[in-house]
Amino acid sequence: MKLYNTANRQKEEFIPLVEGRAGIYVCGVTVYDHSHIGHARSAIVFDVLVRYFRARGISVTYVRNFTDVDDKIINRANELGKDTATLAQEYIDSFYEDMKALYVMKPDMEPRATEFIGNMIEMIQVLIDKGFAYEVDGDVFYAVEKLEDYGRLSGRKLDEMKAGSRIEINEKKRHPMDFTLWKPSKPGEPMWESPWGNGRPGWHMECSVMSNHFLGGTFDIHGGGQDLLFPHHENERAQSKAATGGEFARYWVHNGFLTVESEKMSKSLGNFIFIKDALRDYHPEVLRFFLQSKQYRSPLDFSRKDVLDCQSGLIRIYRTLQRAEQFTGPNKNNYSSRIQGLIAGEHKNEFLNRFINYMDDDLNAAGVTGLIFDKIKDLNRMLDDAGTNPSEGSINQLKEEIDAFYRAGAVLGIMNSDPSDFISRMEKPSDINESEIEELIKQRKEARAQKEWAKADEIRNRLKEMGIVLEDKEGVTKWRKDI
RNA sequence: GGCGGCAUAGCCAAGUGGCUAAGGCAGCGGUCUGCAAAACCGUUAUUCCCCAGUUCAAAUCUGGGUGCCGCCUCCA
């Protein structure tokens with residue numbers, strides 16, 4: 001499999017440290033507010049990466065942290081008059097709710113920064129002892145000039161950055177780019193005892209410590225949003241390499257950003273979309289399908305029109321799956337719950353092999369989308385041909401194709417729903433009088449029996465105006481919400 | 001100012017040296033239907049932002065230009 005390694009700005013064959021295993025650390029959220037759809041994209045990207053590895057038979061250790069101590073949390077807690085631990089826990093719970101709704105699997109480890117303060121103090125002490133860090137009046141800073149290749153990951157050079165104007169002047173620092181490992185807390189702020197006085201760790205420490213704790217000083221993949229590349233990941237790497245002597249992450253995977261109606265999400269524009277908001281407007285699978293409609297590294301614009309276009313496509317997929325059930329029966333495999341090895345090895349099924357080819361190419365989910373719709377067209381043709389009295393051979397073939405389809409769906413985290421449930425959820429009218437509809441359909445049926453087509457059509461048009469579409473099939477009239 | 005990315009049909013989006021430039025949505029024509037809906041079939045880019053170059057051959061490589069975006073400060 002090829003993965004784009006940000007560290008080397010190119011796609012590289014992924015060769016794990018230990019064959020058949022992969023250690024993955026992903027920067028999670030800072031819990032000072034509900035999570036937004038950008039967090040959802042990131043979570044889904046790495047969820048799919050982990051699902052894919054597992055489906056291919058690789059044993060994955062997946063670690064994703066919570067940052068539960070930080071200035072933003074402290075500020076928010078002060079605003080709301082709560083203590084930081086309570087606030088953090090509330091938003092952790094909120095995050096879990098959102099992830100569950102989006103079918104994002106739980107990582108194997110979800111360490112919180114506050115659980116590892118002791119280890120952070122130890123690592124800081126190691127850095128001081130090794131000469132990579134220095135203490136000034138209770139602050140401890142990392143000396144960037146001490147690490148030979150500081151800036152290598154993000155493609156920056158120290159002297160170029162020195163020329164930048166936005167670096168805050170801090171007289172205590174030996175070099176303007178030196179960053180905080182430990183800082184004193186103000187009264188009322190969370191604090192821990194340390195050799196440098198009561199205080200708290202700098203932001204980057206937690207990821208160095210927790211990745212080292214669970215995965216070691218050298219591990220396979222480190223992931224996160226593109227914005228974290230600098231300074232966060234650069235600094236993590238610097239600390240870890242200096243402290244552990246390991247390589248730190250061997251592959252760096254960064255997901256692209258999300259915009260909303262072509263604008264960056266920001267407080268000032270007031271265009272933050274929380275996952276909870278999005279879930280009110282769209283089915284979770286629509287969101288997942290949409291968030292994977294473009295290659296994970298590219299920017300993606302969350303526009304209402306584009307999401308609804310995706311929804312139309314997903315409805316078509318589910319209609320086909322629903323159609324197929326008359327021959328295959330309902331899908332009860334629940335492949336998501338047994339993803340390990342689900343599509344390992346070579347396959348007789350052409351669709352799965354092509355799926356694997358796309359996914360092996362840096363998770364080309366957009367390419368996979370094309371493949372999925374090709375398959376949908378195929379399946380519909382098979383269903384058309386099968387008619388009402390299909391041969392045993394064609395049913396078996398249909399079953400095989402549907403099975404392959406659900407396996408791929410499990411890797412992407414879609415096709416989790418029962419087709420009829422999904423469709424009825426899409427089509428369910430919220431504010432419509434059902435008995436009135438049934439009555440009108442009855443009247444239309446009578447009119448049609450009398451071949452009073454004008455009257456029948458008038459009734460159908462009336463329903464159409466109410467947002468109800470009719471489908472006559474085999475003498476039975478079904479109705480649904482116009483979507 | 002520094003670093004990086006992107007530009008493919010009405011919209012979204014694959015494809016990064018070579019058969020007729022995937023796929024979705026929207027539109028149009030047809031099959032089916034009393035008419036529709038759904039589904040299927042066909043159709044919608046002689047061309048991939050512009051210019052120059054390399055090559056037998058480029059959307060794909062090189063150089064230049066234009067436009068858009070991200071990071072460099074907390075950020076997924």
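Chain naming here is simple, since letters A, B, ... match the order of the sequence lines and numbering starts at 1 in each. Computed from heavy atoms alone, side chains included, the values below leave out hydrogens, waters and symmetry copies.
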As its Watson-Crick or G-U partner within any shown strand, both distances under 3.5 Å, B:G10 has B:C25

Quantified in whole Å, what is the [atom1] atom distance between nucleotide [N] and nucleotide [M]?
N	M	atom1	answer
B:A14	B:C74	C1'	35 Å
B:U47	B:A58	C1'	12 Å
B:C56	B:U16	P	23 Å

The side chain of A:W453 lies closest to which of these nucleotides: B:C40, B:G34, B:A37? B:G34

Rounded interatomic separation in angstrom, taking [atom1] from [X] and [atom2] from [N]:
X	N	atom1	atom2	answer
A:I315	B:G24	CD1	C1'	13 Å
A:N255	B:A76	CG	P	11 Å
A:K473	B:U33	NZ	C1'	12 Å
A:R354	B:G23	CZ	P	10 Å
A:M426	B:A37	CE	C1'	19 Å
A:K455	B:A36	NZ	C1'	19 Å

Distance criterion of 3.5 Å, no angle test: do you see the side chain of [X] paired donor-to-acceptor with the base of [N]?
X	N	answer
A:R297	B:G5	no
A:N75	B:C74	no
A:D457	B:G34	yes

Any side-chain N or O of [X] under 4.0 Å from OP1/OP2 of [N]?
X	N	answer
A:T30	B:A76	yes
A:R316	B:C40	yes
A:K305	B:C11	no

Drop me the distance from A:R304's CZ to A:D309's CG, to the nearest 0.5 angstrom. 11.5 Å

Flag, side chain of A:E110 to backbone of A:N65, donor-acceptor distance under 3.5 Å: no

Suppose we call two aromatic rings close when their centres sit under 6.0 Å apart. Are A:F214 and A:F219 close by that rule? no

For the residue pair A:H222 and A:Y251, is the inter-centroid distance of their aromatic rings smaller than 6.0 Å? no

Can A:F373 be called stacked on B:G23 when the rule is centres closer than 5.5 Å and an angle between planes below 30°? no

What do you reckon, do A:F257 and the base of B:G70 stack, with centroid distance below 5.5 Å and planes below 30°? no

Pairing of A:D362 and A:R297 as salt bridge, 4.0 angstrom limit: yes

